[in-house]
Novice: 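Got a structure for you, written out below as structure tokens; questions coming shortly.
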Amino acid sequence: MLDIKYLRENFAAAEKALATRGDAIDLSGFSVLDQRRRELLSEGETLKAEKNKVSALIGKTKDKSQVQGEIARMKEVSAQIKGLDEQLREVEEQLSELLMGVPNIPHEKTPVGASEDDNVEIRTWGEKGSFGFKPKAHWDIGEDLGILDFERGGKLSGARFCVYFGAGARLERALINFMLDLHTGEHGYTETLPPFLVNRASMTGTGQLPKFENDLFHTEDVDLFLIPTAEVPVTNIHRDEILAEKDLPLCYTAYTPCFRKEAGSHGRDTRGLIRQHQFNKVELVKFVRPEDSDVELEKLLSNAEKVLQLLKLPYRVVDLCTGDIGFSAARTFDIEVWLPGQECFREISSCSTFGDFQARRASIRFRREGAKKPELVHTLNGSGLAVGRTLLAILENYQQEDGSVLVPEVLKPYMGELEKIKG
RNA sequence: GGAGGAGUGGCCGAGUGGCUUAAGGCGGCGGUCUUGAAAACCGUUGAACGCAAGUUCCGUGGGUUCAAAUCCUACCUCCUCCGCCA
């Protein structure tokens, strides 16, 4: 959510900045609602002050017959207050609906652009391997080795589900443990294991609701949602809290499965592990002081890159433009891994800063040493990494001509020292 | 799922319609004393909105009343017991 005061005082600038996102954002109702709200508030509060004063007087008067006139008048005033409060509630609801639907203002460093074609590649790492044969796509490698079974995934659940077997299942588990150990052991993150189902308030806090309910799986008998990313439960850990400055930055990592409807992507990436309704991810989440958020984003990004470097998987980093960043994000770097089987780079991590956008929605604040007033924190998060996509990148990059797949050096301890996955 | 009980400030906890501007304690912060510390003593200590006066917040939403932490109501959460269960 944007700062209502900022919007009031910098309306034109905000509108202009939001326009760089591309899609039309209607802020036209804001000024009228904002002004109406303040009028109702002031009118109601004047009456409440009067009511409080006279009620106290009535309370002090022993002989109530002397104050019958006041009592009758206050009855009238109470009714007026009730009416004003009702109007205020309606105006605030409309205002909140408007504000909750407005995306974040892009960071000043976010490149301006209309679509993903305007994203800026900022670096590449590693050598694309040269194969003496035509590299296969991971769905063929996985099925040939008997470690991925998309057909049975379909039988059990439907399209975009998969069953892992044997060394494939173990490789997924190895990657989760490897990533968590790296981030907790080397990068200073605290491991958390949050709920995979969350309530409406949590989804609203991070920005999935109210706008993107269609993308979420929802439970029928109780009003809960399956998390689309660990960002949601982990960021909401500190919802409605005031943190101590000395505890910042707070850095958490979490493994969770993620559930996405992928509404609107019918026909895209239908084969393989790229776009599943359920996938595993190790997430990194930070709560930081505003002045530290740019530096912390760089660190977060390098923490995610480290995973690919240790796995020796080639990748590039892309600075997303204003037209391509997500609803809540102010700035986003995507890490894209090289997939030789498909001869393209595919997103494997998305590292974002949200500024105070999520913190305001979720009311996550901190108090500076010695300060009286709390301030909003900045929140950041990034994948470190998407596990299914990492597994498929390993299959494609480590495949051998005979159809086997070498196990990356750093994963061997997690794979019982297995050297190679064979059919 | 059934039967009871309970939700008050950072924490504990008093408060059963107006004298609550939420007692008291703990913790935090500042001070006195001290070479320094501890102890003791004194003071101070929530948030939101509003230019301000002021208003609101005692789990959440409704209601009763001139007046609600307090009464009614629905919901949520936690605790105890029973049942079921990994």
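Heavy atoms only: backbone and side chains are in, while hydrogens, waters and symmetry mates are out.
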Novice: For the P atoms, the ones on B/U21 and on B/A67, what distance do you get once it is rounded to whole angstrom?
Specialist: 16 Å
Novice: Would you kindly give the CZ-to-P distance between A/Arg89 and B/U56, to the nearest whole Å?
Specialist: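 Taking atom P of B/U56 as the reference, CZ of A/Arg89 is at 18 Å.
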Novice: Looking for any heavy atom pair under 4.0 Å, which part of the strands does A/Leu41 touch: base, sugar-phosphate only, or nothing?
Specialist: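 Contact class for A/Leu41: sugar-phosphate only.
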Novice: Would you say A/Asp118 and A/Thr322 make side-chain contact, with heavy atoms under 4.5 Å?
Specialist: no
Novice: Rounded to whole angstrom, note down the P distance from B/C11 over to B/A23.
Specialist: 16 Å
Novice: Could you check which nucleotide pairs with B/G43 in any of the strands shown, counting Watson-Crick or G-U wobble with both distances under 3.5 Å?
Specialist: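 By the stated definition (distances under 3.5 Å), B/C29 pairs with B/G43.
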Novice: Please list, by residue number, the residues of residues 6-14 of chain A whose heavy atoms come closer than 4.0 Å to an atom of RNA chain B; answer none if no residue qualifies.
Specialist: A/Arg8
Novice: Check A/Leu197 against A/Thr219 and note the closest heavy-atom contact, atom names and distance.
Specialist: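 Heavy atoms of A/Leu197 and A/Thr219 come nearest at CD2-CG2, 3.8 Å.
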Novice: Given that A/Arg38 and A/Lys48 both sit by RNA chain B, which one's nearest nucleotide is further toward the 5' end?
Specialist: A/Arg38
Novice: What is the separation between atom CD1 on A/Ile81 and atom C1' on B/G54, rounded to the nearest whole Å?
Specialist: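 Nearest whole value for this atom pair: 13 Å.
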Novice: Between A/Asp294 and A/Lys109 (salt bridge meaning N to carboxylate O under 4.0 Å), is one present in this structure?
Specialist: yes
Novice: My understanding is that a pair needs two contacts under 3.5 Å, Watson-Crick or G-U wobble. By that rule, which nucleotide pairs with B/C81?
Specialist: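 By the stated definition (distances under 3.5 Å), B/G2 pairs with B/C81.
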Novice: Should the pair A/Arg346-A/Asp269 be classified as a salt bridge under the 4.0 Å nitrogen-to-oxygen rule?
Specialist: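 Looking at A/Asp269 together with A/Arg346, the answer is yes, because their closest N to O distance falls below 4.0 Å.
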Novice: Can you tell me the pairing partner of B/G62 across any strand shown, Watson-Crick or G-U wobble, with both distances under 3.5 angstrom?
Specialist: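 In the structure as shown, B/G62 has B/C72 as its Watson-Crick or wobble partner.
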Novice: Pick the C1' atom in B/A3 and in B/G9, then give their distance to the nearest Å.
Specialist: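 It comes out at 33 Å once rounded to the nearest Å.
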Novice: In this structure, how many angstroms lie between the P atom of B/G17 and the CE atom of A/Met74, rounded?
Specialist: 24 Å
Novice: Check for me whether the distance between the ring centres of A/His277 and A/Phe217 falls short of 6.0 Å.
Specialist: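 Close enough - the centres of the two rings lie under 6.0 Å apart.
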Novice: Can you tell me how the ring of A/His218 sits relative to the ring of A/Phe225, calling it parallel under 30°, perpendicular over 60° and tilted otherwise?
Specialist: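 Tilted.
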Novice: Say you pick atom P in B/G28 and the same atom in B/A39; how far apart are they, in whole Å?
Specialist: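 It comes out at 9 Å once rounded to the nearest Å.
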Novice: Return yes if some donor-acceptor pair links the side-chain N/O of A/Arg260 with the main-chain N/O of A/Gln276 below 3.5 Å, else return no.
Specialist: no
Novice: On a whole-Å scale, what distance lies between the C1' atoms belonging to B/G50 and B/C33?
Specialist: 45 Å
Novice: Contact class for A/Lys53 (heavy atom, under 4.0 Å): base, sugar-phosphate, or nothing?
Specialist: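 Contact class for A/Lys53: none.
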Novice: For the pair made of CZ in A/Arg37 and P in B/A48, what is the distance, rounded to whole Å?
Specialist: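 After rounding, the gap between these two atoms is 14 Å.
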Novice: Please report the distance separating the C1' of B/C49 from the corresponding atom of B/U44, rounded so that it comes out in whole Å.
Specialist: 25 Å
Novice: Taking the same atom, P, in B/U70 and in B/C58, what whole-Å distance lies between them?
Specialist: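 It works out to 8 Å between them.
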Novice: 5'-most contact on RNA chain B: A/Lys82 or A/Ser42, nearest heavy atom basis?
Specialist: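 The 5'-side residue here is A/Ser42.
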Novice: Does any non-hydrogen side-chain atom of A/Val410 lie less than 4.5 Å from one of A/Phe178?
Specialist: yes
Novice: Could you measure between the two C1' atoms, the one in B/G13 and the one in B/C81, and give it in whole Å?
Specialist: 26 Å
